[in-house]
Amino acid sequence: MGKSKDKSAELKGTVVKNQAVIDELNADLSRKTREVRIIQEVLSEIVSLDLNKILQNILDALARNFDFKYSMILLADEERNVLRVSASHGYKKKGVGLEVPFGVGVIGMVAKKKKLMRMGNIGTQKNYLNAVRAQFSRSGRAEQLKDFFKLPGLEDVQSQVAIPLTTQDKLIGVISVESNEQNFFSAQDEFIVKLLAEQAAIAIEKARLYTSEKEKHDALGKALSELRALNEQLEQKVNERTTEIRQKNRKLEAVNEVLKVKNKEITDSISYARQIQEAVFPSLKMLRERLPDSFVFYRPRDVVSGDFYWYHIAGSRIMIVAADCTGHGVPGALLSMLGNLFLKELTVTSEQMLKPAEVLRGLQQKFYQTFDRQNVGHLKDGMDIGLCMIDTDFFKVFYAGANRPLYRLRQGDIEVFPGDRIAIGEYRDTHEHFNQHEIEYQSGDAFYLFSDGYVDQFGGPKGKKFLTKRFQGLLKDNAHCSMKEQEQALDKQLKSWCGNEPQVDDILVIGFRP
Amino acid sequence: MKPAMQGGIPSVVVTCNKEGIPNTTFISQVYYVDEQHVALSFQFFNKTVRNVRENPKAAVQITHPQTFQSWDLEIVYDHSETEGPVFEQMEMQLDAIASITGMEDVFKLRAADIYNVKSVRKNVKGEH
């Protein structure tokens with residue numbers, strides 16, 4: 001019996017032992033299950049990018065699975081060397097935003113050293129240190145003491161596990177779990193908190209990366225919209241400018257239209273003026289009949305001209321005039337009308353044809369009388385003129401000129417009979433008489449009267465003036481030709497000399513063989 | 001046994017000087033180093049610190065804070081560390097508490113005294 005009693009007791013012991021082992025294994029299994037579950041829970045939350053939510057979920061999952069009633073996650077602000085509570089679980093006051101300086105308390109020390117810490121006797125330790133503190137105060141060493149530090153967390157904390165959250169050895173925060181029971185946390189608990197710390201660190205980094213990317217993206221978006229606004233402003237300005245330019249263009253076009261109309265009006269009126277001028281000048285028909293071997297080479301620069309020719313025939317006397325009113329175009333034409341009128345008065349109406357010098361003197365007086373010098377003091381205009389009278393009865397040519405010479409071409413040589421150096425219209429007290437040349441002519445002699453237009457024309461290979469020397473050469477070269485042929489030679493030479501140069505002045509050359 | 005080394009209940013340390021005069025004191029914590037070693041903190045130059053440097057043999061009693069089960073350990077002072085993981089872990093814990101009680105300037109860990117554990121005896125109720 002005794003033996004069986006022993007055996008039974010032994011068996012009972014074995015069963016109890018086995019049961020203890022089974023219990024322990026069960027506990028382990030349950031723990032592992034919870035560890036797996038919490039990791040699953042936390043991982044499923046990490047896909048979210050709301051950092052506060054992730055951290056809160058980690059702490060909530062910790063409380064749900066492991067009965068860790070009090071926990072918090074603090075994020076590091078390395079510029080200020082503090083940690084700030086970012087999420088908490090279980091405390092009466094959430095404490096979010098409260099700060100812990102690096103190096104103060106368990107959490108601060110973990111942050112400073114970047115090493116985990118597990119304590120189970122904080123209350124006792126505090127009491128011990130407070131006792132030492134009291135001793136210090138009593139022994140007069142209070143100046144060595146600092147103030148108590150009030151930190152977020154349980155006031156009566158006994159146990160605490162605090163683990164640094166790091167990525168690549170850089171501190172980003174601390175996760176802390178607390179209990180008011182002594183030795184609450186085991187090495188296994190430390191392990192699970194460590195595991196979660198790693199997950200939290202990843203989530204924080206991810207969220208921060210997302211935030212910074214988002215900030216970059218937002219900044220880019222902002223810059224883009226600013227650029228867009230600028231672009232719109234620019235377009236607006238361009239549009240405004242375009243409209244402005246278009247309006248100005250329209251105005252210009254309108255002005256242009258007006259100008260065109262005015263121009264046409266002026267051209268029309270000048271064209272009509274030419275008709276008047278032509279009607280006033282004598283027809284060359286009579287002259288050609290009387291002097292068949294002659295030409296009048298007349299090339300006005302503009303529609304109307306300052307140069308003009310004139311002639312009058314009375315019996316055996318023929319008066320031929322080449323005149324050049326200073327200026328060209330309309331002002332020249334106006335003067336030419338006056339000249340024409342005065343010549344008629346002086347020559348045609350008088351009973352006996354006056355000699356050239358007398359005509360010049362008469363012209364001089366008429367111009368002087370016509371222009372009131374006090375009113376037209378600034379007028380420099382006048383008239384250069386060559387006047388020659390052929391007396392076919394006596395084979396004589398009488399010549400007088402104002403700033404113009406007469407050429408006689410005889411047997412290839414030119415003799416120049418100069419005019420007086422004064423213009424008609426230019427009044428000088430000292431100049432009352434014009435010189436008059438009395439020239440006998442022979443058969444074949446040719447005479448030339450001309451304005452300065454031909455010799456002053458620019459052109460040739462160097463764009464220079466034609467000049468008198470070349471003009472005389474041209475006449476000599478064609479001395480053997482008929483006057484008609486000479487006129488053609490003058491025309492040809494002028495065209496080739498001008499080339500692309502525009503005509504500078506009115507041109508008039510009169511040639512005749514009496 | 002490890003909970004007894006978390007400082008819940010102060011531990012008793014007995015040392016002797018070289019003349020054999022014993023000294024008993026309470027310390028807040030006996031730190032677990034490994035299966036062969038424990039560490040005691042050296043904060044102030046007290047009698048315990050002085051004694052073990054003359055006479056390394058010491059005895060310590062630790063108590064489980066919930067069950068009040070106690071153990072007697074025979075230990076021999078081996079050496080003193082002022083760096084390394086053991087020192088740092090002890091220093092961290094001390095600094096953490098000192099900083100909140102305003103004692104960080106006066107309460108410094110000078111060294112971690114490392115002891116060899118020669119024997120462990122679990123006390124039976126009523127024996128101690």
Side-chain angles (χ1 to χ4, degrees), chain A residues 100-137 139 141-153 155 157-162 164 174 176 181-188, chain B residues 1-13 25-35 40-46 48 62-70 83-110 112:
Chain A
V100 178
F102 285 6
V104 175
V106 173
I107 291 169
M109 200 50 68
V110 164
K112 186 181 171 186
K113 300 276 184 183
K114 284 189 256 179
K115 279 189 179 138
L116 73 83
M117 223 163 134
R118 175 159 62 93
M119 289 189 77
N121 61 339
I122 297 169
T124 319
Q125 294 276 23
K126 265 184 67 187
N127 289 342
Y128 174 53
L129 262 78
N130 281 335
V132 177
R133 189 184 164 96
Q135 218 172 2
F136 262 74
S137 297
S139 60
R141 291 158 75 184
E143 76 277 1
Q144 285 176 273
L145 305 171
K146 290 187 177 170
D147 290 338
F148 285 98
F149 216 103
K150 179 84 183 68
L151 290 172
E155 267 185 59
V157 60
Q158 282 293 352
S159 301
Q160 186 167 15
V161 173
V174 172
S176 154
E181 292 174 32
Q182 282 198 337
N183 298 316
F184 185 80
F185 301 108
S186 64
Q188 281 173 317
Chain B
M1 199 177 143
K2 273 193 185 170
M5 291 197 270
Q6 288 218 342
I9 292 175
S11 305
V12 187
V13 185
T25 187
F26 286 97
I27 60 165
S28 63
Q29 191 169 356
V30 173
Y31 294 87
Y32 174 85
V33 178
D34 57 37
E35 287 183 4
L40 301 185
S41 68
F42 166 18
Q43 291 145 22
F44 305 106
F45 199 71
N46 58 21
T48 301
I62 57 172
T63 310
H64 191 291
Q66 275 88 40
T67 63
F68 296 107
Q69 171 68 55
S70 66
E83 54 181 30
V86 175
F87 175 82
E88 276 173 27
Q89 195 61 32
M90 285 167 69
E91 188 191 35
M92 255 177 92
Q93 295 194 7
L94 194 67
D95 284 353
I97 306 302
S99 63
I100 40 176
T101 48
M103 303 274 286
E104 66 262 45
D105 290 343
V106 287
F107 221 79
K108 286 270 173 213
L109 183 68
R110 296 194 185 192

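Every chain is numbered from 1 and lettered A, B, ... according to where its sequence line falls, protein lines coming before strand lines.
Separation of atoms CD (A:Gln160) and CD (B:Gln93) is listed at 11.0 Å; rounding is to 0.5 Å. With rounding to the nearest 0.5 Å, the separation of CG in A:Asn183 from NE2 in B:His64 is 7.0 Å. Distance check: B:Ile9 CD1 to A:Thr124 OG1 gives 8.5 Å after rounding to the nearest 0.5 Å. Taken from CE in A:Met119 to CE in B:Met92, the straight-line distance is 10.0 Å, to the nearest 0.5 Å.
Heavy-atom pairs under 4.5 Å with chain A were tallied for B:Pro10, B:Ala96, B:Ala98; the largest tally goes to B:Ala96.
Between B:Asp95 and A:Lys112, every side-chain heavy-atom pair lies at or beyond the 4.5 Å cut-off. A 4.5 Å side-chain heavy-atom check between A:Lys113 and B:Glu88 finds every atom pair outside the cut-off.
Counting all heavy atoms, side chain and backbone alike, B:Ser99 lies closest to A:Gly105 at OG-N, 2.6 Å. Nearest heavy atoms, B:Thr101 versus A:Arg133: O-NH1, 2.6 Å.
Looking at A:Leu116, only its backbone comes within 4.5 Å of chain B, counting heavy atoms on both sides. The part of A:Leu151 that comes within reach of chain B is its side chain, from C-beta onward, which places non-hydrogen atoms under 4.5 angstrom from that chain.
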